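Order of the sequence lines sets the chain letters (A, B, ...), proteins ahead of strands, with each chain counted from 1. No experiment lies behind these values; they were computed from the predicted model shown.
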Amino acid sequence: MLQIAHIRLHKEVVLQGLTKRNFKNAEATLKKLLLLDDQRKELQQKHDAVLAQSNQLAKQIGQLMSQGKKEEAEEVKSNTATLKAESKQLSESLKNTEEELTQLLYTVPNIPNPRVPAGNTDTDNQVLSTHGNIPDLPQGAKPHWELIEQYDIIDFELGTKITGAGFPVYKGKGAKLQRALVNFFLDQATEAGYHEVQPPILINQASGIGTGQLPDKEGQMYHATEDDFYLIPTAEVPITNMYRDLILKEDQLPVKHAGFTPCFRREAGSWGAHVRGLNRLHQFDKVEIVQIQHPDKSYEALEEMSAYIQSLLSKLELPYRVLLLCGGDLGFTSAITYDMEVFSAAQQKWLEVSSVSNFETYQANRLKLRYKDANKKNQLLHTLNGSALALPRIVAAILENNQTPEGIKIPKALVPYCGFEWIN
RNA sequence: GGAGAGGUGGCCGAGUGGUCGAAGGCGCUCGCUUGGAAAGCGAGUGUGCCCCACAAGGGUACCGGGGGUUCGAAUCCCUUCCUCUCCGCCA
């Protein structure tokens, strides 16, 4: 979440940023936030003063008691009742005001970086660059949902039987291709300097709040209510939360992690014809990269991450483009996001396979993730993450783009990982 | 799941109702010492919020989390989470 002190100091910038995002009632919300903060401060002052008084009296009583002056002590005691009542009332008001302020802050998204273009929907996103060659597919090229049936490598109906829609079963070479991609992505990440981790895929509430999934996207996560755990929608959540409540030393930076996990998304209300086959699933596999960076270096890191992700797509010989998301399409917690889209030749459509974002201090503020600067002052760090990569749409693109009459040709880089060159 | 023990500052560890944000040790930082280092000596060394200039200084809160008793709680009570030991179950 945003820092209230920052909002106070840069009200105009914040207002402009929220407007770029089409955030409703920005001005009124900011006004309300500042008002609540004023109230909070005033209550805090009053409360502290009352507590200071009663602390003093308590000390006095202690001294009198130890001197054996019992009656005098009793007399002082009788004066404490009003203070106690006052303190109780003030602390309740303070708590309520703080709670209201926090809840309101939770509803305010991150401020976009100045580079983020204005716009409302994905049609306003900027295409920064396009790479690779879109293949000329033969007449009768098939979309991946037909190819997976033809070669019997992914079975949706079987998954439906076991669980429900959106939980496919990968079979034979389909399963091996999954394993190959995960290993390929992890090896590449290690080579690029990311420290591999395997985190839990269930998280507690504090972690969900830390990275911003809660309370904003409560309904998008599967919730194991018996233990109050959530199934992760992305490895970003457990990996970033490893650093919750930490104060790092500058020489510990940057932190770079990569992790493979399954991801679970309820995708409530977003189903339809355009999300056939592998285009949208409730459970999918993904390798995620996460960086924790010094504020001065986070934008450098963003470019580095973007370049790294693009290198993966090049190695997989997939045609792709890089988008700069517009304000309206930007994720709630992100300050800037690049999307990488792969062209799926048979569907004749660009599929988002990766999203890399700089959250600046937005997550760090919730996480209380800081570093000690040269003046020994604690400062919020910047967090970034990106998919590197999400499997299903990569698989879809490989299947569709590499289809031939003889079968599906596995990209060279993956052959050592798969142990086969063709799916046929 | 059952029974028991315990959770204190970066780490170890003392503290069972009063002047305790917390002894002592280790670590770390700075200084002295040294040719340099070690040792030794000296000083410093938590976090949030509030006043204030994000300084100095001051107030307040924090001894796993939440709540309570009390004039006063690290210390007592309740609750919850976690760790350890034993038993049970088990990949």
Round to a whole Å and report the spacing from CG of D48(A) to C1' of G59(B). 6 Å
Which part of the nucleic acid, if any, lies within reach of K95(A) when heavy atoms closer than 4.0 Å are counted: base, sugar-phosphate only, or nothing? sugar-phosphate
Distance below 4.0 Å between N55(A) side-chain N/O and U60(B) OP1 or OP2: yes
Are K173(A) and Y151(A) in a cation-pi contact, defined as NZ or CZ under 6.0 Å from the six-membered ring centre and within 45° of the axis? no
Tell me which nucleotide among G48(B), C54(B), C49(B) gets nearest to the side chain of K377(A). C54(B)
Quick one: label K368(A) by what it contacts on the DNA or RNA (base, sugar-phosphate, nothing), any heavy atom closer than 4.0 Å. nothing
Can you tell me if the side-chain N/O atoms of Q45(A) get under 4.0 Å from OP1 or OP2 in C50(B)? no
Under 4.0 Å: is that the gap between some side-chain N or O of R40(A) and OP1 or OP2 of C50(B)? yes
Sugar-phosphate, base or nothing in reach of I61(A), heavy atoms under 4.0 Å: base
Does U47(B) have OP1 or OP2 under 4.0 Å away from a side-chain N or O of R370(A)? no
Is there a Watson-Crick or G-U wobble partner for C41(B) with both distances under 3.5 Å, and which nucleotide is it? G31(B)
Please evaluate residues E317(A) and K409(A) with respect to the criterion salt bridge (Lys or Arg N to Asp or Glu O under 4.0 Å), reporting the C-alpha separation (whole Å), side-chain torsions for both, the decisive distance (0.1 Å), and the verdict. CA-CA 11 Å; E317(A) 302 163 57; K409(A) 187 152 177 47; over 6 Å; no
Whole Å only: how far is the CG atom of D245(A) from the C1' atom of G65(B)? 12 Å
Salt bridge (Lys or Arg N to Asp or Glu O under 4.0 Å) between E100(A) and K32(A), intermediate numbers included: CA-CA 10 Å; E100(A) 201 182 334; K32(A) 175 85 178 163; 3.5 Å; yes
Given I410(A) and F420(A), is the side-chain contact (heavy atoms from CB on, under 4.5 Å) satisfied, shown in steps? CA-CA 8 Å; I410(A) 299 293; F420(A) 50 84; 3.9 Å; yes
Base, sugar-phosphate or nothing for K249(A)? Non-hydrogen atoms, less than 4.0 Å. nothing
Output the rounded distance in Å from NZ (K46(A)) to P (C51(B)). 14 Å
Rounding to a whole Å, what distance do you find between E98(A):CD and C49(B):C1'? 8 Å
Are OP1 or OP2 of G48(B) and a side-chain N or O of N378(A) less than 4.0 angstrom apart? yes
Between Y230(A) and H223(A) (judged by ring centroids, cut-off 6.0 Å), do the two rings come close enough to count as a pair? yes
Using the side-chain heavy atoms of A58(A), tell me which of these nucleotides is nearest: A61(B), C51(B), G72(B). G72(B)
Looking at U47(B), C51(B), U60(B), which one has an atom nearest to any side-chain atom of K41(A)? C51(B)
Passing option when N279(A) is tested against E352(A), R393(A), Q347(A) for side chain to side chain donor-acceptor pair (under 3.5 Å): Q347(A)
To the side chain of K376(A), which of U29(B), C49(B), U19(B) is closest? U29(B)
Considering only atom C1', compute the distance from G65(B) to G58(B) and round it to an integer number of Å. 30 Å
What contact category does I247(A) fall into here, base, sugar-phosphate, or nothing, at under 4.0 angstrom with non-hydrogen atoms? sugar-phosphate
Pairwise C1' distance for C50(B) and G67(B), with rounding to whole Å: 25 Å
Counting only side-chain heavy atoms from C-beta out, which of G59(B), U47(B), C71(B) sits nearest to M65(A)? C71(B)
